[in-house]
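The structure appears right after this line, and notes come after that.
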Number of protein chains: 2
Amino acid sequence: MSQRQSKSEAAGNRESERRRTILRAAIDVFARKGYHGCRIADVAREAGVAYGLVYHYFKNKDELLETVVETGWSGFVSRMRAVAEDESASLEQKVRGIADVAFEAYRVDPRAVKVLILEVARSPAGTQVVSRQQAFLDTIRMSAEMFARAQATGELRADLDPMLCASLLFGAIELGLTAFVSGLMEDRSPEALDRAKLQIAESFLRGVLPGAATPAEASWKQEKVSSGTRPKAGKRS
Amino acid sequence: MSQRQSKSEAAGNRESERRRTILRAAIDVFARKGYHGCRIADVAREAGVAYGLVYHYFKNKDELLETVVETGWSGFVSRMRAVAEDESASLEQKVRGIADVAFEAYRVDPRAVKVLILEVARSPAGTQVVSRQQAFLDTIRMSAEMFARAQATGELRADLDPMLCASLLFGAIELGLTAFVSGLMEDRSPEALDRAKLQIAESFLRGVLPGAATPAEASWKQEKVSSGTRPKAGKRS
DNA sequence: TCCCCGGCTGATTGGCGAATCAAGCAGCTG
DNA sequence: CAGCTGCTTGATTCGCCAATCAGCCGGGGA
């Protein structure tokens with residue numbers, strides 16, 4: 001398949017074939033051993049190229065990860081934004097659409113999603129390159145705005161914090177995908193994926209849409225005192 | 001797992017003061033810069049002890065993290081298990097209890113929780129020390145069993161996958177806490193924490209308890225075809 | 001008083017892996 | 001053909017940091 005096309009094919013052909021090979025290898029290796037757990041040599045071997053070539057296309061190891069992440073994440077974000085900001089759709093449709101986007105991404109490229117979940121969502125905040133952490137937080141904020149708008153039109157219960165709604169939704173999606181990534185869900189067929197997606201969207205919606213009764217809340221209000229589940233407080237101090 | 005301890009623990013065996021100081025410093029430094037982003041020297045400086053002393057109490061850097069994690073996580077797990085396996089409580093009480101345990105842990109020691117979320121929940125699976133990854137997954141499995149039992153007694157909707165319910169609950173809690181850890185929620189007062197905890201538990205319960213009507217599901221069933229939110233499939237490749 | 005012993009110190013070492021670089025090699029051009 | 005250009009190679013370099021170790025210090029026992 002790699003029919004040595006002359007270097008000057010100019011026309012359109014964006015980034016070189018080699019570069020993409022290396023990027024692909026990086027995704028696979030990062031997914032398998034994690035960013036910190038692998039060496040550049042691993043990526044080079046996986047890609048079948050010389051060690052030094054990686055540095056011809058990428059300034060350093062960090063830029064390699066940055067590129068992997070940026071590529072994958074920006075695709076996800078733009079799809080998500082399209083869904084979240086489509087004013088002709090109901091909140092319910094939007095939530096289902098977001099779940100669609102996330103699970104579709106996993107179906108298409110599970111390893112890339114694994115890298116995103118591992119290295120983006122949870123990069124140690126602190127001094128770390130802020131862009132990664134920030135990208136994730138920005139996405140949640142965007143989603144929070146979507147919930148806030150829905151609240152204004154009465155599509156979302158008024159007593160909920162939009163930011164928390166966003167966290168809930170992404171938490172559910174993320175750990176749902178994690179269940180697949182980590183092997184907790186042993187059935188990874190497309191059908192199982194689809195079922196999971198539906199259950200997540202549906203459960204979430206039932207929880208936050210303005211429904212008729214609020215049984216849980218009602219029963220909680222009179223039970224909270226008698227509940228025997230209060231922890232003793234203080235785990236070690 | 002402390003085959004290391006020197007013969008000196010004497011009677012009551014209060015682990016050395018120094019050791020605890022170092023552990024505490026490790027939590028703070030790990031929370032600030034991440035495990036990979038810090039040097040042993042940082043921990044030693046934070047603790048105000050000599051570099052070498054860290055190695056007097058811990059075999060190596062990894063055992064230091066292992067100890068931090070094990071201590072914090074085992075406390076959380078045992079509390080959680082007590083809640084999840086208390087047969088006299090309703091599912092609703094258990095779910096609220098689990099949220100209690102998690103948020104209380106955060107209230108007591110936010111930095112420790114941050115380390116747990118960052119380094120345990122999402123350690124790159126691969127070659128990584130399995131015990132961390134495993135601890136997290138085991139907890140979800142335990143919770144899944146709780147949901148399965150609740151399903152048998154009709155306390156949980158029959159059409160839900162227990163494992164996914166567990167993922168949802170933990171995803172919601174984890175990202176809820178992440179919202180605080182990462183600064184997304186600017187109000188971190190105890191009251192705000194409490195509100196968040198309640199919203200999470202309540203939303204989750206509304207979503208999974210067998211409620212009267214199922215508005216979301218009903219409307220979805222007839223809307224799914226006409227929904228305009230279907231992504232085009234294929235993000236790159 | 002001196003010596004021993006265990007907690008403690010921090011400069012030194014060794015290895016690992018990121019990043020460099022000088023030299024190959026293929027295709028193109030004159 | 002000769003010489004240029006720019007992708008490609010992988011051994012070498014270099015800095016960093018985990019882990020070691022030789023020795024210090026202070027208390028308590030003889």
Side-chain angles (χ1 to χ4, degrees), chain A residues 2-11 13-26 29-30 32-68 119 124 126-129, chain B residues 2-26 29-30 32-69 119 124 126-129:
Chain A
S2 52
Q3 182 61 279
R4 198 113 192 108
Q5 33 192 246
S6 75
K7 66 179 179 186
S8 58
E9 73 270 37
N13 188 354
R14 301 288 73 205
E15 54 186 354
S16 99
E17 184 77 23
R18 289 296 225 186
R19 185 186 154 98
R20 245 171 301 144
T21 305
I22 292 171
L23 227 32
R24 181 69 247 168
V29 173
F30 290 168
R32 198 177 328 122
K33 324 188 21 169
Y35 177 71
H36 290 290
C38 78
R39 307 184 284 273
I40 290 289
D42 297 328
V43 175
R45 192 170 334 110
E46 177 86 17
V49 303
Y51 184 96
L53 197 60
V54 176
Y55 284 92
H56 184 253
Y57 286 107
F58 301 92
K59 188 159 100 277
N60 51 41
K61 192 184 178 187
D62 202 67
E63 184 181 287
L64 185 55
L65 174 59
E66 204 64 37
T67 306
V68 166
E119 310 291 345
T127 333
Q128 190 89 355
V129 189
Chain B
S2 48
Q3 57 184 25
R4 167 101 185 93
Q5 59 197 20
S6 50
K7 57 189 174 179
S8 62
E9 71 269 39
N13 183 20
R14 289 180 39 77
E15 65 176 346
S16 127
E17 186 76 24
R18 291 294 225 181
R19 185 185 154 98
R20 244 172 303 143
T21 304
I22 292 171
L23 227 33
R24 180 69 247 168
V29 172
F30 289 169
R32 199 178 328 122
K33 325 193 14 173
Y35 177 72
H36 291 288
C38 76
R39 305 185 285 277
I40 290 290
D42 298 327
V43 175
R45 194 170 335 111
E46 177 86 17
V49 302
Y51 184 96
L53 195 61
V54 176
Y55 284 92
H56 184 252
Y57 286 108
F58 302 92
K59 187 159 100 276
N60 53 39
K61 192 184 177 188
D62 202 67
E63 184 182 287
L64 185 54
L65 174 59
E66 204 65 38
T67 307
V68 166
V69 154
E119 310 291 345
T127 331
Q128 191 88 355
V129 188

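First the proteins, then the strands, lettered A, B, ... as listed; each starts at 1.
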Rounded distance (Å) that lies between atom P of C:dG17 and atom CG of A:Asp62: 17 Å
B:Tyr51 side chain near C:dG10 phosphate (N/O to OP1/OP2, under 4.0 Å): no
Nucleotide C:dG17, atom P - distance to CG of A:Leu65 in whole Å: 18 Å
Whole-Å gap separating P (C:dG17) and NE2 (A:His36): 14 Å
Short side-chain N/O contact from A:Tyr57 to OP1 or OP2 of D:dC7, under 4.0 Å: no
Atom-pair distance (NE2 on A:His56; P on C:dT20), nearest Å: 13 Å
Candidate nucleotides C:dA19, D:dT9, C:dG10, ranked by approach to the side chain of B:Ala50 - the nearest: C:dG10
Atom-pair distance (CG on B:Leu64; P on D:dC17), nearest Å: 16 Å
Touch class at under 4.0 angstrom, heavy-atom based, for A:Phe58 against every strand present: nothing
Among D:dT9, D:dA11, D:dA19, the one nearest A:Arg18 by side-chain distance: D:dT9
Point-to-point distance, once rounded to the nearest 0.5 Å, from OH of A:Tyr51 to NE2 of A:His56: 16.0 Å
Touch class at under 4.0 angstrom, heavy-atom based, for A:Leu53 against every strand present: base
Nearest listed nucleotide, side chain of A:Arg39, among C:dA18, D:dG10, D:dA19: C:dA18
